[in-house]
Number of protein chains: 2
Amino acid sequence: MGIAERREKEKIELRALVLSAAKKLFVTKGIEHTTIRNIAEAIDYSVGTVYVYFKDKNAIFHALHSQGFNELGQQLALLMAVENPMERVKALGRVYINFAKANADMYSLMFSQPAPIDYLEEEHADEWKEGVLAFNVLKGTLAQCIEQGYFKGHTLEPLTYMFWSAVHGMCALYISERAKGVNLTDPNTIVERGYEEFLKIIGE
Amino acid sequence: MGIAERREKEKIELRALVLSAAKKLFVTKGIEHTTIRNIAEAIDYSVGTVYVYFKDKNAIFHALHSQGFNELGQQLALLMAVENPMERVKALGRVYINFAKANADMYSLMFSQPAPIDYLEEEHADEWKEGVLAFNVLKGTLAQCIEQGYFKGHTLEPLTYMFWSAVHGMCALYISERAKGVNLTDPNTIVERGYEEFLKIIGE
DNA sequence: AAATTTAATGAACAAGGTTCAGAGGGCAAA
DNA sequence: TTTGCCCTCTGAACCTTGTTCATTAAATTT
């Protein structure tokens, strides 16, 4: 059955091709300004072909969305090698920030409102696997910190949420350019400097 | 000159009518899924009329955007009455969170990526007045806290950015429903509980 | 009453998402 | 080899949306 296999492989490859072209376009022109025709042209296939591999534009978006979370998740997972949990939380934040800044468009794609929600609502509601995974890595690490006597008097879940929010908030404001609008002395490093402040505060 | 005045008043009123219809639609159906025709129908005017009052859809968006920031700004400004700066920062966060939760759609409209940027880039770049104002209220208050001996060893600007980010991040994640996806025990109160954790941490 | 200014209209256009009947090429059975 | 089936790929065609503009109609001024 070599032929069927080859065909299957070709299908997977073409699907991946669509995805990579879409990613490049989404990232450079923005999702709204990327047309299916653009994507088709970029890979030298017709419009219809794109629809053979994806139900609609939203499905393309969602595929990339997952991809982004997987990449981020992998990077965060690597830090499980750091023994000291307090060091690990700190590192988690840094890696997260680096990811967000290095993949700014991917990041805003991952967290931008409209599209993913549409998709999530349909039926894939509570199965946002990648996100849950990343959240639990952080939660687990903070749990260990608490065990070791850090964060006395704190409650795990809200603490985790707050930590994630602080880091996410800094990245989001940076990426949405709101930081620039506000006339900072050095907008480019504000996330890192903000994070340092955060670490100072949680380090007692 | 009573006639000219009346006309002027009518123009302003119709403009406001467009705006309020647009707001309602943006908020219920989302910006992308609201069409100019929808707005026109809602107010029983023709499509063309909408364009008499607004250059394009983006201009409508921007007007609402400003409106949102003005409302938020006003609520925050009220807190200047609180003497103690440390109490004031805490209150600023609470009011901000209440605003975000009570006006969830308006908030996501205010901070959602695409549209405002388009507009900002054109020429209104560094004149994002409302945002700067709100940021400076927070910054000023934190400056007073530092004067009074709080936040030793911290730098004002990154500290302000971090504070804003933490609160914004919690609101943003809550509103984008990312909080739900992550299986929290009580998603509805997570922002408030997260904020309490934050206050605990900054209160040493 | 006529002329002028102004606001409102909606048909028309361009561009984008999506569909679907059909072309074309490989593959297996005859 | 030839025939017919099965898939993939195609792109014209449809519908919706943002946007424009010549035209209509009403109000105001002369």
Side-chain angles (χ1 to χ4, degrees), chain A residues 1-19 21-26 28-64 109 114-119 122, chain B residues 1-19 21-23 25-26 28-65 109 114-119 122:
Chain A
M1 279 277 111
I3 287 170
E5 277 169 25
R6 196 211 60 220
R7 287 201 161 174
E8 194 56 32
K9 208 184 77 183
E10 281 173 355
K11 269 166 79 170
I12 291 172
E13 276 169 3
L14 188 41
R15 200 189 129 95
L17 190 63
V18 172
L19 232 38
K23 180 176 173 181
K24 187 179 283 177
L25 288 166
F26 280 1
T28 48
K29 311 178 51 169
I31 298 173
E32 303 303 331
H33 297 121
T34 300
T35 72
I36 305 290
R37 287 170 178 80
N38 286 339
I39 298 173
E41 261 178 68
I43 60 175
D44 295 314
Y45 276 84
S46 74
V47 206
T49 306
V50 175
Y51 282 90
V52 169
Y53 291 87
F54 293 93
K55 183 176 148 285
D56 54 22
K57 197 178 176 183
N58 217 2
I60 300 177
F61 179 97
H62 186 258
L64 288 173
L109 199 145
I117 302 303
D118 284 13
Y119 198 92
E122 276 166 31
Chain B
M1 278 280 110
I3 286 171
E5 277 169 26
R6 195 211 62 221
R7 285 202 160 181
E8 194 56 32
K9 207 184 79 181
E10 281 174 355
K11 270 166 77 168
I12 290 174
E13 276 169 2
L14 187 42
R15 202 189 127 95
L17 190 63
V18 172
L19 231 39
K23 179 176 172 180
L25 288 167
F26 280 0
T28 48
K29 311 178 49 170
I31 299 173
E32 304 301 331
H33 298 120
T34 299
T35 71
I36 305 291
R37 286 170 181 80
N38 286 339
I39 299 172
E41 260 178 68
I43 59 175
D44 295 314
Y45 275 84
S46 74
V47 205
T49 305
V50 175
Y51 282 90
V52 170
Y53 291 86
F54 292 93
K55 183 176 148 285
D56 53 23
K57 197 178 175 183
N58 217 1
I60 299 176
F61 179 96
H62 186 260
L64 288 173
H65 189 254
L109 200 145
I117 302 301
D118 283 13
Y119 198 91
E122 275 166 31

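Chain naming here is simple, since letters A, B, ... match the order of the sequence lines and numbering starts at 1 in each.
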Is A:Y53 near enough to D:dT8 that one of its side-chain N or O atoms lies under 4.0 angstrom from OP1 or OP2?
no
Atom CD1 of B:I39 and atom C1' of D:dG18 are separated, to the nearest Å, by 11 Å
Please lay out, stage by stage, how A:R6 and A:E10 fare under the test side chain to side chain contact (heavy atoms under 4.5 Å, CB included).
CA-CA 6 Å; A:R6 196 211 60 220; A:E10 281 173 355; 3.3 Å; yes
What nucleic acid atoms does A:L14 come within less than 4.0 Å of, heavy atoms only: base, sugar-phosphate, or nothing?
sugar-phosphate
Give a yes/no answer on whether the side chain of A:K11 brings an N or O atom under 4.0 Å of OP1 or OP2 in D:dT8.
yes
How many Å lie between OH on B:Y51 and P on D:dT20, as a whole number?
7 Å
What closest approach, in Å, do A:Y45 and A:L17 show between heavy atoms, and which atom pair accounts for it?
CE1-CD2, 4.5 Å
Starting at NZ of A:K29 and ending at C1' of C:dG16, how long is that distance when rounded to a whole Å?
11 Å
Rounded interatomic separation in angstrom, taking CD1 from A:I31 and P from C:dG16
16 Å
If you only use heavy atoms from C-beta on, which nucleotide in C:dA8, C:dC27, C:dG17 is closest to the side chain of A:R6?
C:dC27
Quick check on DNA chain D: between B:R7 and B:V47, whose nearest nucleotide comes earlier from the 5' end?
B:V47
Is there a side-chain contact between B:R37 and the phosphate of D:dT19, meaning an N or O under 4.0 Å from OP1 or OP2?
no
For the residue pair A:R15 and A:F54, what are the closest heavy atoms and their distance?
NH1-CE2, 3.4 Å
Over how many whole Å does the gap from B:H33 atom NE2 to C:dG17 atom P extend?
12 Å
Are A:V52 and A:L14 side-chain neighbours, meaning at least one heavy-atom pair lies under 4.5 Å?
no
Atom-pair distance (CD on A:E32; P on C:dA15), nearest Å
18 Å
From the list D:dA27, D:dT19, D:dC9, which nucleotide is the closest neighbour of the side chain of B:I36?
D:dT19
Select from A:T35 and A:G48 the residue whose nearest nucleotide in DNA chain C is closer to the 5' end of that strand.
A:T35
Considering just the side-chain nitrogens and oxygens of B:S46, establish if one lies under 4.0 Å of OP1 or OP2 belonging to C:dG10.
no
How many whole angstroms separate atom NZ of B:K9 from atom P of C:dA7?
16 Å
B:Y45 has an atom OH; how far is it from atom C1' of D:dT24, in whole Å?
16 Å
Stepwise side chain to side chain contact (heavy atoms under 4.5 Å, CB included) check, B:T49 with B:I43
CA-CA 10 Å; B:T49 305; B:I43 59 175; over 6 Å; no
Answer with base, sugar-phosphate or nothing: what part of the nucleic acid does B:T49 contact at a heavy-atom distance below 4.0 Å?
base
